[in-house]
Every structure is written in C-alpha cells, then in structure tokens.
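The block underneath contains the structure these notes are about, expressed in structure tokens.
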Number of protein chains: 2
Amino acid sequence: MNIGEAAAASGVTAKMIRYYESIGLLPEAKRSENNYRVYDARDVHTLRFIKRARSLGFSMEETTKLLQLWQNRARTSAEVKQVALAHIEDLETRIENLQAMANTLRHLASCCSGNERPDCPILDDLAGKTRKEMESQNE
Amino acid sequence: MNIGEAAAASGVTAKMIRYYESIGLLPEAKRSENNYRVYDARDVHTLRFIKRARSLGFSMEETTKLLQLWQNRARTSAEVKQVALAHIEDLETRIENLQAMANTLRHLASCCSGNERPDCPILDDLAGKTRKEMESQNE
DNA sequence: GCTTGACCTTCCAATCATGGGAAGCCCTAT
DNA sequence: ATAGGGCTTCCCATGATTGGAAGGTCAAGC
C-alpha cells in the first residue's frame, strides 16, 4: 500500500502522513525497492486514530500521548481520562472566551442602527468611548 | 513619545507596534533625529482601538477594515455592523465546533471508569470501535 | 522504444500573530 | 569612561497544514 492509498483509506493527506513521520508521531515507514513508503491496514488504523483525535481538538502533543497510551497495554484508563479531562477544560475555557466576545458583539450590534449614518456604537466601543462620553457628545 | 512609552500607554507591545507598521496597518511613524519612532496621543488611541478589536477576536484583516471605517467620516454604520455580524457568525460557528468536541469528550469521559484497568471507552472511540464491537469484545 | 501522466521522493516556503534574541546605535547617570 | 537601558533592524521559532519545485519511478498507449 503506497502513501496515496493509505491517505485515501485513512482520510489523512499524504503530506500530513510524511509530516507525522518527520516529527516522530509515526515510526519511519518501511520502503519498497523504489524507496516508496509502504503501509498496511494497521498503519491505516493508526492514522484514523490520529485523525479522530485531531478532530476532537486534541493538540499534536496530546494526540501523541493518547497514541502512546493506546499502544501501551500497561496503560490505565485513569491516564487516558486525565488527558481527556484536561482537554475538556481547555475547550471550556476557549468556549467561554469566545462566548464573552460574541455576547459583547451581539450587544453592540443590537445597539447599532446599521443605517446610512456614520455614528456607530460598535466603533465607539472600540474607540474606548465611555457611556458618559457618548451621552454628552454634543459638548 | 517613544515606542516604549506608546506601548505602555496602549498595552500593545513595542514589537507589535513595529509589526503593525510593517504590514501597513499603521502608517510609518515619524522619526526623531535619532531615528527613533515618535508617537502622540492620537497614535495611542489608534493602538488601543486595535487592541480592543483584537481582544474581541477580530482578525487582523477585519481589524484593518474596522480601523479604516473608524477613520472614514463617510462610513455608514451599516458597513460596520456588517463586519461585526460576520464576525459574530464566525464566533458562533467556532463555539459550536468546540462545544461538539466538548460534548463528545464529556460523554466519553463519563463512560470511562478512570481506574487502574486498561480498558477505556475514550481510546475505543478514537480507535473507531463501534458499539457492536464493544459489546462483543469476548468473541 | 518513447511519450504522457500519475504517482512517489526530498526540500523549501508560506500561512497568522506573536515572542525571543542578536548586533549595534543612542542617551543618561554615575 | 563605563554601565544601563532604550531604540534600531534582522532573523528565527511557534503549530499544523498547505503549496510548490525538481526529480525519480511506473504503467498505459502510440
């Protein structure tokens, strides 16, 4: 199985397979006489594992850790769970940050008439104008 | 006002101020006889505008657009609102993606005993095991 | 046999926004 | 005079991925 077939079977691009090998996430693939990388079903399984982990937002570092645990029969589920819980916490932090942004922007947008006039509470906020300054804009 | 003072006054690092200038977000700063960049209160105001926009998650490209609108008296609030609404949509998409990841992981983690044994539903999911395969693991 | 095209190989560069650091100039205080 | 701090430019690194160039290899069709 060439890299292209492995890519098609796993959903990971050939480029990324080579990259994963280069950073040591995957062991060096065997080579055919033509110097082509050769893969088997087990490699494809590993690639899908990586793809699934990445799609759940795990970093390459976390994915490496998970892959090692997967391949280690002496692992404990506690170790795996710890990685997952840490990642959940990271996701929740990021979600909260994004939601705070979205909430602020929704509020500002709802205050913006969105018409042909130039005055805009969104820009006023970005410009650091206080409510007080806003109210006394005729000074 | 030197770049260090402008940085302290705006909360934008000197490094980033130079970067913003290099990509054209900021015009080239005037120079003192020593070739030091010179800033005034207006520049600091602009830097804070940028910082606030970035903190609301706007990309550099969107920030550039907002800055142009801010500095353009002929703008309409509709233009500003459009940028904001597009960004809100982007944020919401990202939030949904992260939440889907978090939900999946929370479910998997809740199914994981997190003990000393190696069997782990989190790894099973990453490995692509179906529920059916899980139930018949004694085969 | 020779060309074409689809693979594969390695290596280098770009992305986005930011941080780190080197080498060297300028100014002030001791 | 020397030490220090700030300024200058330039290059490099991040994380994960994509793009591309230059060249080797293989199969099919002429």
Side-chain angles (χ1 to χ4, degrees), chain A residues 1-26 28-40 43-44 46-67 87 90-91 94 97-98 101, chain B residues 1-26 28-40 43-44 46-67 87 90-91 94 97-98 101:
Chain A
M1 201 183 210
N2 283 343
I3 197 169
E5 300 168 276
S10 66
V12 178
T13 63
K15 211 111 197 184
M16 289 311 298
I17 297 175
R18 292 192 200 97
Y19 171 69
Y20 291 158
E21 180 181 321
S22 80
I23 63 169
L25 176 56
L26 298 174
E28 294 198 3
K30 286 172 199 158
R31 301 298 182 113
S32 71
E33 41 184 54
N34 325 325
N35 197 32
Y36 286 11
R37 289 176 180 79
V38 176
Y39 299 92
D40 61 20
D43 297 318
V44 170
T46 300
L47 286 169
R48 283 206 233 174
F49 181 100
I50 294 168
K51 198 189 177 202
R52 174 75 175 144
R54 299 283 304 122
S55 80
L56 286 175
F58 287 105
S59 68
M60 292 302 309
E61 199 179 346
E62 290 166 322
T63 301
T64 303
K65 177 78 178 161
L66 290 170
L67 195 54
H87 181 45
D90 180 39
L91 288 171
R94 282 151 65 190
N97 286 338
L98 295 180
M101 294 175 189
Chain B
M1 202 182 209
N2 284 342
I3 196 169
E5 299 168 277
S10 66
V12 178
T13 64
K15 210 113 198 182
M16 289 313 299
I17 297 175
R18 292 192 200 96
Y19 171 68
Y20 291 157
E21 180 181 322
S22 78
I23 62 169
L25 176 55
L26 298 174
E28 293 198 5
K30 285 172 200 160
R31 302 296 183 116
S32 70
E33 40 183 55
N34 324 326
N35 197 32
Y36 286 11
R37 288 175 181 81
V38 176
Y39 299 92
D40 61 20
D43 297 317
V44 171
T46 300
L47 286 168
R48 283 205 235 176
F49 181 99
I50 294 169
K51 198 190 178 202
R52 174 75 176 146
R54 299 283 304 123
S55 79
L56 287 175
F58 287 105
S59 68
M60 292 302 308
E61 200 179 346
E62 290 166 322
T63 300
T64 303
K65 178 79 178 159
L66 290 170
L67 194 54
H87 181 44
D90 180 39
L91 288 171
R94 282 152 64 189
N97 286 338
L98 295 180
M101 294 176 189

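Chain letters run A, B, ... following the sequence lines, proteins first and then strands; every chain starts at 1.
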Between [X] and [Y], which heavy-atom pair has the shortest distance, and what is it?
X        : Y        : result
Ala14(B) : Ala7(B)  : N-CB, 3.7 Å
Leu47(A) : Val12(A) : O-CG2, 3.7 Å
Ser32(A) : Val38(A) : N-CG2, 3.5 Å

So how far off straight is the helix from dG1(C)-dC30(D) to dT30(C)-dA1(D), going by the axes through five pairs at either end, to 10°?
40°
Please enumerate all residues that pass side-chain hydrogen bond (donor to acceptor under 3.5 Å, both in side chains) together with Arg48(A), with sequence neighbours excluded.
none
The criterion is side-chain hydrogen bond (donor to acceptor under 3.5 Å, both in side chains); which residues satisfy it with Glu5(B), sequence neighbours excluded?
none
In this structure, CG of Leu66(B) is separated from CZ of Arg54(B) (nearest 0.5 Å) by 11.5 Å
Any chance you could measure Met101(B), atom CE, to Phe58(A), atom CZ, to the nearest 0.5 Å?
10.0 Å
Is there a side-chain contact between Ile23(B) and Thr64(B) in this structure, where contact means two heavy atoms from C-beta onward sitting under 4.5 Å apart?
no
So, His87(A) side chain and Glu62(A) main chain: donor-acceptor pair closer than 3.5 Å or not?
no
Heavy-atom nearest nucleotide on DNA chain D for Thr13(A) versus Glu33(A): which residue maps closer to 5'?
Thr13(A)
Mind checking which nucleotides bracket the chain B contacts on DNA chain D, 5' to 3', with an atom under 4.0 Å from a heavy atom?
dG6(D) to dT9(D)
My understanding is that only residues two or more places apart in sequence, or in another chain, count here; which of them pass salt bridge (charged side-chain N to carboxylate O under 4.0 Å, His left out) with Arg18(A)?
none
Let me have a per-nucleotide readout for nucleotides 1-17 of chain C, 5' to 3', with B, S or -, counting only protein heavy atoms under 4.0 Å.
------BSBB------B
